[in-house]
Amino acid sequence: MERTKKSGKSLKFLLFLILAAVAVFAVFALTKAKNEADSDIKFTMSTNAERIEFLNTQGWIVKPDPISKENVTIPSEWNDVYSEYAELQRSQGFDLEDYKGKESQLISYMVLNYPGHTENVLANMLIVDNRLIGGEITLDEENGFTEPLITKNTQTYLD
């Protein structure tokens with residue numbers, strides 16, 4: 001009878017250890033999955049090929065070499081124009097608040113397939129630490145436009 005009680009306690013303890021291990025593994029797996037999902041939002045852009053591939057996934061065909069690359073500092077204080085720009089970025093899932101005062105790289109590509117415009121349409125990509133933090137499509141003319149870089153398909157994925 002004494003042996004049965006010990007066996008029962010040992011079995012309960014073993015079951016407890018197994019459940020605890022499963023719980024720890026589940027927390028680890030969920031944390032890892034969340035971190036991977038979060039990192040997918042910040043698209044990696046360390047090479048020209050990755051940037052072009054990303055633009056292609058958005059439906060843009062671009063000249064393979066950027067037309068410009070420049071270092072820019074995101075202002076610490078925003079005026080009305082930059083506040084509007086930040087709002088455009090927010091509408092795409094990017095938040096520039098965390099980058100106020102930081103240096104970034106602005107890389108621009110010539111878009112070849114914008115409907116109704118065969119010239120002067122740019123895909124601008126704002127990059128910090130090889131991560132896309134913002135961008136837009138612009139027409140650099142008197143009656144130009146600025147619109148989101150991220151298409152609805154990707155925006156749905158980001159939400």
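Treat the numbers as computed from the prediction; the structure is a model and nothing was measured.
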Inspect the surroundings of CG in Asp95 and state if more than 12 heavy atoms from other residues, nucleotides or ligands are less than 6.0 Å away.
yes
Less than 4.5 Å apart, side chain to side chain, heavy atoms only: is that true for Phe54 and Glu50?
no
With heavy-atom distances below 4.5 Å as the criterion, would you say the side chains of Ile74 and Lys102 are in contact?
no
Rounded to the nearest 0.5 Å, the CG atom of Leu112 sits from the NE2 atom of His117 at a distance of 14.5 Å
Please check: side-chain N/O of Gln92 versus main-chain N/O of Gly134, any donor-acceptor pairing under 3.5 Å?
no
Would Trp60 end up clustered with Val121 when hydrophobic side chains under 4.5 Å apart are linked, directly or stepwise?
yes
Flag the pair Arg131 / Thr44 as yes when at least one side-chain heavy-atom distance between them is below 4.5 Å, and no otherwise.
yes
Using a 3.5 Å distance criterion without hydrogens, assess whether the side chain of Asn113 forms a donor-acceptor pair with backbone atoms of Gly59.
yes
Minimum-distance pair of heavy atoms, taken over all atoms of Ser76 and Gly101:
OG-CA, 3.4 Å
Nearest atoms (heavy-atom pairs only) where Met125 meets Leu149:
CG-CD2, 4.2 Å
Determine whether more than 12 heavy atoms belonging to other residues, nucleotides or ligands lie under 6.0 Å from atom CD of Glu53.
no
Should Ile107 and Ile67 be regarded as members of a common hydrophobic cluster, given that ILVMFWY residues are connected when their side-chain heavy atoms come within less than 4.5 Å of each other, either directly or indirectly?
no
Could you verify whether a donor N or O on one side chain and an acceptor N or O on the other, from Tyr114 and Asn120, lie under 3.5 Å apart?
no
Is it the case that atom CG in Asp80 sees more than 12 heavy atoms from other parts of the structure closer than 6.0 Å?
no
Determine whether Gln105 and Val72 satisfy the following criterion, side chain to side chain contact (heavy atoms under 4.5 Å, CB included), listing intermediate values before the conclusion.
CA-CA 6 Å; Gln105 191 172 42; Val72 296; over 6 Å; no
Hey, could you give me the CD1/CD distance between Ile137 and Glu147, rounded to the nearest 0.5 Å?
6.5 Å
Return the minimal non-hydrogen interatomic distance between Pro64 and Ile52, and the atom names on each side.
O-CD1, 3.0 Å
Please report the closest heavy-atom contact between Ile127 and Arg51, naming both atoms and the distance.
CD1-CD, 3.5 Å
Closest approach of Ala123 and Leu55, non-hydrogen atoms and distance?
CB-CD2, 3.9 Å
Where Leu132 and Phe94 come nearest, the two heavy atoms and their spacing
O-CE2, 3.5 Å
Any side-chain donor paired with an acceptor under 3.5 Å for Glu136 and Tyr85?
yes
So Leu96 and Ile133, do their side chains get closer than 4.5 Å, heavy atoms only?
yes
Side chains of Leu88 and Pro148, heavy atoms from C-beta outward: is any pair under 4.5 Å?
yes
Answer with yes or no whether the side chains of Glu87 and Ser83 bring together a donor and an acceptor at under 3.5 Å.
no
Verdict with supporting geometry, Trp78 and Glu97, side chain to side chain contact (heavy atoms under 4.5 Å, CB included):
CA-CA 10 Å; Trp78 293 351; Glu97 284 286 333; 3.5 Å; yes
Is any side-chain heavy atom of Tyr109 less than 4.5 Å from a side-chain heavy atom of Asn48?
yes
Any heavy-atom pair between the side chains of Tyr82 and Lys100 that's under 4.5 Å?
no
Kindly indicate whether the side chain of Val111, heavy atoms from C-beta on, has any atom under 4.5 Å from the side chain of Leu122.
no
Atom NZ in Lys69, atom OG in Ser108: separation rounded to 0.5 Å?
11.5 Å
